[in-house]
J.: 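Sharing a structure with you now.
When a ligand or atom number is given, it counts from 1 through the structure's own listing order.
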Amino acid sequence: MSRIEGAFTYNTSAQITAVGSYLPEKVLSNADLEKMVETTDEWIVQRTGISERRIAADKEFTSDLCFAAVRNMAEEYQVELGDVDYIIVATTTPDTFFPQMAARVQAEFGIAHCGAVDVQAACAGFAAALQLAGGLIATGMHRKILVIGAEALSKITDYTDRTTCILFGDGAGAVLVEAGSPEEAPSWLSSIALTDGAEGHHLYRSSLAPNIGDMALEQNGFIVQNGRAVYRWAISRVPEGIRQFMKQAGITAEDVDWLVPHNPNMRILEAVCERTGIPLEKTVSTLAYTGNTSAASIPIALHQAVRDGRIRSGQLLMLYGFGGGLSQAGLLLRWAL
Ligand SMILES: CC(C)(COP(=O)(O)OP(=O)(O)OC[C@H]1O[C@@H](n2cnc3c(N)ncnc32)[C@H](O)[C@@H]1OP(=O)(O)O)[C@@H](O)C(=O)NCCC(=O)NCCS
């Protein structure tokens, strides 16, 4: 496999060797939402592209979604988990702030010697966690890292707020990132991380502090967003970020076989594609049946496209997360599975 000129900000042998996912059984359709708030299926589909989303059961939490995604991955790829040496879980909806979800995963699978951390970067979380995994492998400190994106967003969604509750769903995805041999063609090609922290108050869930800077927060425990502001940011700063990333990596839109982006809303994805030159047909979206699953959306989409044969070994993939923060995290991979 030839290297892409100038593409390498990474020097790591990391590669994804297995992928899995899990969606909870319960379906929340647009018709169900019509009975809960003043909305219509037509309005939701037209504004978001979402028809239904999966919702965790009352006693099902993010840790359960993590376990199910890892089990799915281990069964599908027949992988051994006993020698995993690090676990990273990207989530904004941990069952408990501590113990962290990664420690729950370690206990569930009886992994003997491993580090365990949660990463909190909202919808950019999974791509950020993969960047960290690539870095840990590059240092030689770790060789087999389990990276999970999981969310039970229904637990923090206000089902009386019609502009927000139509968007979100639950789910989880997991990948195994392993050190390859130096002779193999590199899989991790390039990465980018961008943050507009001054815009963070447009999308938040309050915690300990009553405000961000001078701005008082609604402290209802739910996702709060200024939909229009987030939308404007997503269709301007995200395409800018992707264009910057392609330039930095020395590639053009034509080189990208698949864009696997965070899936917030179809209109946002259409605008991102139009403004970056990456065709919508080369974009993996599960929005219609998952809604926005934040940190879980990239691994769920990745697993779907690998399973149905769209993503194949040797293709160039751009994984691109963006959202709360407001942050962006991108990774360019030569798919090696
Ligand atoms: C939330 C979002 C779909 C709303 O779409 P929009 O076109 O911006 O809608 P607006 O907020 O301008 O509202 C337009 C009208 O529709 C109404 N409306 C809002 N939600 C509605 C719903 N579910 N059903 C019917 N009408 C609705 C509004 O009340 C408003 O009515 P008005 O004109 O009488 O005041 C859109 O702003 C969006 O996608 N934002 C990004 C959110 C996001 O993706 N967040 C996560 C990022 S990771």
J.: Would you verify that at least one protein heavy atom lies under 4.0 Å from atom 5 (O) of ligand 1, or report that none does?
T.: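 Looking at atom 5 (O) of ligand 1, one finds that a protein heavy atom does lie closer than 4.0 Å.
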J.: Please check if the number of heavy atoms outside Met36 that lie under 6.0 Å from its CE is greater than 12.
T.: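 For Met36, atom CE is crowded (more than 12 foreign heavy atoms under 6.0 Å).
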J.: Taking CG in Asp308 as the centre, count heavy atoms belonging to other residues, nucleotides or ligands within less than 6.0 Å. Is the count above 12?
T.: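 More than 12 heavy atoms, drawn from other residues, nucleotides or ligands, come within 6.0 Å of this atom.
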J.: For Trp258, does the six-membered ring have the charged nitrogen or CZ of Arg310 within the cation-pi criterion, i.e. under 6.0 angstrom from the centroid and within 45° of the normal?
T.: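 The answer is yes, since Arg310 meets both limits relative to Trp258.
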J.: Can you name the nearest heavy-atom pair linking Ala56 to Ser154, along with the distance?
T.: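 Heavy-atom minimum between the residues: N-OG, 4.1 Å.
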J.: For atom 20 (N) of ligand 1, is some protein heavy-atom partner under 4.0 Å away?
T.: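 Yes; the ligand atom in question has protein heavy-atom contact below 4.0 Å.
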J.: Quick one: does ligand 1 sit under 4.0 Å from the side chain of Ile166, the backbone, both or neither, non-hydrogen atoms only?
T.: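 Answer for Ile166: side chain.
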J.: Among all the protein's non-hydrogen atoms, which is closest to atom 46 (C) of ligand 1, and how far away is it?
T.: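 That would be Asn292 ND2, 3.6 Å.
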J.: Can you pull out the closest protein heavy atom to atom 40 (N) of ligand 1? Residue, atom name and distance to 0.1 Å, please.
T.: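 Atom 40 (N) of ligand 1 sits closest to the protein heavy atom Gly227 O, 2.9 Å.
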J.: Nearest heavy atom to atom 43 (C) of ligand 1: which of Arg47, Met266, Arg267, Gln225 does it belong to?
T.: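 Heavy atom nearest to atom 43 (C) of ligand 1 belongs to Gln225.
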J.: Can you tell me if CZ on Arg143 sees more than 12 non-hydrogen neighbours from other groups inside 6.0 Å?
T.: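 Atom CZ in Arg143 is not crowded, with 12 or fewer foreign heavy atoms closer than 6.0 Å.
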J.: Among Glu52, Arg54, Gln304, which residue meets the side chain to side chain donor-acceptor pair (under 3.5 Å) test with Tyr289?
T.: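 Running side chain to side chain donor-acceptor pair (under 3.5 Å) over Glu52, Arg54, Gln304 with Tyr289 returns exactly one hit, Gln304.
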J.: Can you check side-chain hydrogen bond (donor to acceptor under 3.5 Å, both in side chains) on Glu151 and Thr92, steps first, answer last?
T.: CA-CA 7 Å; Glu151 299 285 10; Thr92 53; 2.8 Å; yes
J.: State whether the shortest distance between N or O atoms of Arg162 and N or O atoms of ligand 1 falls below 3.5 angstrom.
T.: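 Yes, there is a polar N/O contact under 3.5 Å.
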J.: Below a 4.0 angstrom heavy-atom separation, can you tell me which part of Ile44, side chain or backbone, both or neither, approaches ligand 1?
T.: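 Within the 4.0 Å criterion, Ile44 makes no contact with ligand 1.
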J.: Only heavy atoms of Pro264, strictly under 4.0 Å: list the atoms of ligand 1 that pass.
T.: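 In order of numbering, the contacting atoms are 44 (O).
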J.: Walk me through whether Tyr320 and Leu331 qualify under side-chain contact (heavy atoms from CB on, under 4.5 Å).
T.: CA-CA 6 Å; Tyr320 208 87; Leu331 201 61; over 6 Å; no
J.: Regarding ligand 1, does Thr39 bring an N or O atom to under 3.5 Å of one of the ligand's N or O atoms?
T.: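 Yes, there is a polar N/O contact under 3.5 Å.
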J.: Quick test: of every protein heavy atom, which one is nearest to atom 18 (N) of ligand 1, and how far off is it to 0.1 Å?
T.: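 Ranked first by proximity to atom 18 (N) of ligand 1 is Trp43 CZ2, 3.4 Å.
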J.: Any N or O of Cys123 that comes nearer than 3.5 Å to an N or O of ligand 1?
T.: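 Between Cys123 and ligand 1 (N or O atoms, distance only) the closest approach is not under 3.5 Å.
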J.: Answer side chain, backbone, both or neither: which part of Val37 comes under 4.0 Å from ligand 1, heavy atoms only.
T.: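 For Val37, there is no contact with ligand 1 at all, from either part.
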J.: Please identify which atoms of ligand 1 are closer than 4.0 Å to at least one heavy atom of His262.
T.: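 Those atoms are 48 (S).
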J.: Would a 4.0 Å cut-off, counted as strictly less than, catch a protein heavy atom around atom 32 (P) of ligand 1?
T.: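 No; the ligand atom in question lacks any protein heavy-atom contact below 4.0 Å.
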J.: So between Asn265, Thr163, Val230, whose heavy atom ends up nearest atom 38 (C) of ligand 1?
T.: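 Going through Asn265, Thr163, Val230 one by one, Asn265 has the nearest heavy atom to atom 38 (C) of ligand 1.
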J.: With a 4.0 Å heavy-atom cut-off (strictly under), which part of Glu38 contacts ligand 1: side chain, backbone, both or neither?
T.: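 Under 4.0 Å from ligand 1, Glu38 contributes backbone atoms alone.
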J.: Could you tell me whether Arg267 sits above the aromatic face of Tyr231, with NZ or CZ closer than 6.0 angstrom to the six-membered ring centre and within 45 degrees of the axis?
T.: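 That pair qualifies as a cation-pi contact.
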J.: As a test of the contact definition, would atom 28 (C) of ligand 1 count as having a protein heavy-atom neighbour under 4.0 Å?
T.: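 Neighbour list for atom 28 (C) of ligand 1 includes protein heavy atoms (cut-off 4.0 Å).
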J.: Using a strict cut-off of less than 4.0 Å between a Lys/Arg side-chain nitrogen and an Asp/Glu carboxylate oxygen, indicate whether Arg205 and Glu218 qualify as a salt bridge.
T.: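 Not counted as a salt bridge, because no side-chain N and carboxylate O are separated by less than 4.0 Å.
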J.: Counting non-hydrogen protein atoms only, what is the nearest one to atom 12 (O) of ligand 1? Give residue, atom name and distance.
T.: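 The closest one turns out to be Arg228 NE, 2.5 Å.
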J.: Under 4.0 Å from atom 2 (C) of ligand 1, is there at least one protein heavy atom?
T.: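 For atom 2 (C) of ligand 1 the answer is no, since every protein heavy atom stays at 4.0 Å or beyond.
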J.: Do Lys155 and Phe61 meet the cation-pi criteria used here (NZ or CZ under 6.0 Å from the six-membered ring centre, within 45° of the axis)?
T.: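 Judged by the rule (NZ or CZ under 6.0 Å from the ring centre, within 45° of its axis), Lys155 counts as positioned above Phe61.
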J.: Quick one: which residue pairs count as a salt bridge (charged side-chain N to carboxylate O under 4.0 Å, His left out) with a foot in residues 88-103, not counting sequence neighbours?
T.: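 Qualifying pairs: Asp95-Arg104.
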